[in-house]
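Everything below concerns the one structure shown next.
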Amino acid sequence: MIQLHNVSVTYQQHICALNDVSLMIPRGDFVFLTGASGAGKSTLLKLLYAAITPSHGQIIIDNQNVSRLTRSELPYLRQTIGVVFQDFRLLPNRTVRENVAITLEVLGLGRKEIGERVNKILTQVGLEERMQATPCQLSGGEQQRVALARALVNEPKILLADEPTGNLDDENKSLILEILGEANCRGTTIVVASHDLRLVASSNRRSMMLDRGELREAHDESR
Amino acid sequence: MSHVKFKRRHVPGRAGILALTGYFFRRSLLNIRQNLVINILAVITITLSFLIISLFLLVFVNLEGAGEIWSEKVQVTVYFDRELNDKEFAALKNVIMTLDGTDSISYVSKGEALKRFSARLKGQESLLNGVPQEVLPSSLEIRLKQPFRTSGGVEAYVTRLKKIPTIVEVQYGEEWVRRFNTFMNFMRFAGALLGGFIALAVLFIISNTIKITIYSRREEVELLELVGATRFFIRIPFLIEGMLQGLCGALLALLILAGVSWAFLNHAGDFLLFNPQQAGLVFIPVTFCAALVGGGILVGFIGSLTSLHRFVEQS
């Protein structure tokens, strides 16, 4: 599903964010990317949703070379990937319902279809009572769940989550992991970047550790 | 590995073109409502800009109207080698009417000519005591059509007129026509120059105002790109918003100007030395109003397009 071949990313010609990273994530896998702040986790996720391009190497997603995508092809790649951003990126002047609906609107779905799918996903993440609230009226955990709902509502092939449990209490962390697990059961390949090693250990999932831009080790907790 | 193109994903429940168009308009109206303050500020700026343009047009249209009234004084007077009887006059009138540029002809008899001369000697009419009524010749006064009221137009017309056998003398106030045409040409040139500068300034102001409204929503544009919106999908609501802003701004400017103009025409006579309605002052013609509204929509569209082009391409 996801393959990285000798990928390097250099910022401003001398800051090396990723160095010669090669990895493979099969379809339907659930993987944690761990490492300290600045290890390159977010950079790796940005490469996968093509927000940045690698300085060297190749990225293959769903048998297609991301580096060779044209500007007009890029949206169609992104429509197959759900992303939970570290800073949520919720639009402050839109309601929860409208924030989640954005993902379906860009696919050009009809109002009825959008309404049904949004209701379903917001019920799944436990926010059916908060649909008309704006992000600033929500707690951090609720905002995180809205971001998760927006990423999952179009049933993406891949879900990328950048620190989805950061600054959340244990109850909310478990809830987020539960939602991610359910999506994985439905066939979505999931990549989660997290520096929370306790969470990674308790999840019994495969993990990969990044250290100063290099892939150091991989653990398969599930085996 | 061979390059396989990413194509539009097949999604069940996708809306048709009509529904999508409806979505874009709904989204634009919602965006305006959700970003009300910045949109109101943009519309106010556009309104003020269009108020300047429409006020300039109002002044220009009325100056042109005044010029049009003055140009009616451009007329040609024809004298004959002898007095014409009714039959000869009718025949001559027919010949002159067939000349390209003739608008209307009026006959001034000897008696009428003396009466006019007497009127000009206001207070000194006694000078004409004992002067016989036949002392002044009869004549024909020809009014010209609008395109022939220029120096060149009148001269060409007079050349053709002089070829008619019974006509011996033609007068048309060459100096006055020349000065009048110079004044009108200067006014049009100055108007075009000033209008051009105002239009450029207004375009600059409106395009920057729209740019600010789009820049204030850069996070929204970035998010739309990240969730897979195509450039078309991102741009359309912004373009509709820009056009609506331009439309509202132009309409509001015309409404304000119409209100102020109405008040001026109906009440300025109370405190000015002349009555504007009697002076022939008019509002901007409907075609100009339609052009202003169309211009508003166009400026809104172009302003949004250029701002989006820079912003979406750079993000």
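A note on names: the letters A, B, ... follow the listed sequences, proteins ahead of strands, and every chain is numbered from 1. The structure displayed is predicted, hence computed values, not measured ones.
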Discussion item. Can you tell me which portion of A:R150 sits under 4.5 Å from chain B's heavy atoms? Options are side chain, backbone, both or neither.
Written reply: side chain
Practice prompt. Verify the neighbour count for atom NE2 of A:H56: are there more than 12 heavy atoms of other residues, nucleotides or ligands below 6.0 Å?
Written response: no
Worksheet item: Looking at residues at least two apart in the chain, or sitting in another chain, which of them share a salt bridge (Lys or Arg N to Asp or Glu O under 4.0 Å) with B:R218?
Response: none
Worksheet item: With a cut-off of 6.0 Å (strictly less than), are more than 12 heavy atoms of other residues, nucleotides or ligands near NE2 of A:H5?
Response: yes
Practice prompt. Report yes if some heavy atom in the side chain of A:T95 is under 4.5 Å from a heavy atom in the side chain of B:Q34; otherwise report no.
Written response: no
Fill in: Where B:G228 and A:P75 come nearest, the two heavy atoms and their spacing
O-CB, 3.3 Å
Worksheet item: Do any of residues 42-54 of chain A have a heavy atom less than 4.5 Å from a heavy atom of chain B, and if so, which, in residue order?
Response: A:Y49, A:A51
Return all side-chain donor-acceptor pairs below 3.5 angstrom for residues 23-32 of chain A, not counting sequence neighbours, or 'none' if the list is empty.
residue : atom : partner : partner atom : Å
A:R27   : NH2  : A:D62   : OD1          : 3.1
A:D29   : OD2  : A:R206  : NE           : 3.1
A:D29   : OD2  : A:R206  : NH2          : 3.0

Worksheet item: Taking all non-hydrogen atoms of both residues, which atom of A:V106 and which atom of B:V227 are closest, and how far apart?
Response: CG2-O, 3.5 Å
Fill in: Structural part of B:R217 lying under 4.5 Å from a heavy atom of chain A
neither
Discussion item. Taking atom CZ as the centre, does B:F283 end up with more than 12 heavy-atom neighbours from other residues, nucleotides or ligands that are less than 6.0 angstrom away?
Written reply: yes
Fill in: CZ-CZ distance between A:R71 and B:R231, expressed to the nearest 0.5 angstrom
5.0 Å
Item to complete: Verify the neighbour count for atom CZ of B:F204: are there more than 12 heavy atoms of other residues, nucleotides or ligands below 6.0 Å?
Response: no
Fill in: Electrostatic pair A:R89-B:E220, nearest N-O below 4.0 angstrom
no
Item to complete: Find the distance between CG (A:L90) and CG (B:L223) and round it off to the nearest 0.5 Å.
Response: 8.5 Å
Item to complete: Identify the residues of residues 51-60 of chain B whose heavy atoms come closer than 4.5 Å to a heavy atom of chain A, ordered by number, or report 'none'.
Response: none
Worksheet entry | Interatomic spacing from CD1 in A:I102 to CG in B:L226 - rounded to 0.5 Å | 11.0 Å
Fill in: Main-chain N/O of B:A229 paired to A:R78 side chain as donor or acceptor, under 3.5 Å
no
Worksheet item: How far does CD of A:E73 sit from OG1 of B:T230, to the nearest 0.5 angstrom?
Response: 13.5 Å
Fill in: B:E219, CD atom: more than 12 neighbouring heavy atoms under 6.0 Å
no
Worksheet item: Closest approach of A:E105 and B:Y23, non-hydrogen atoms and distance?
Response: OE1-OH, 2.8 Å
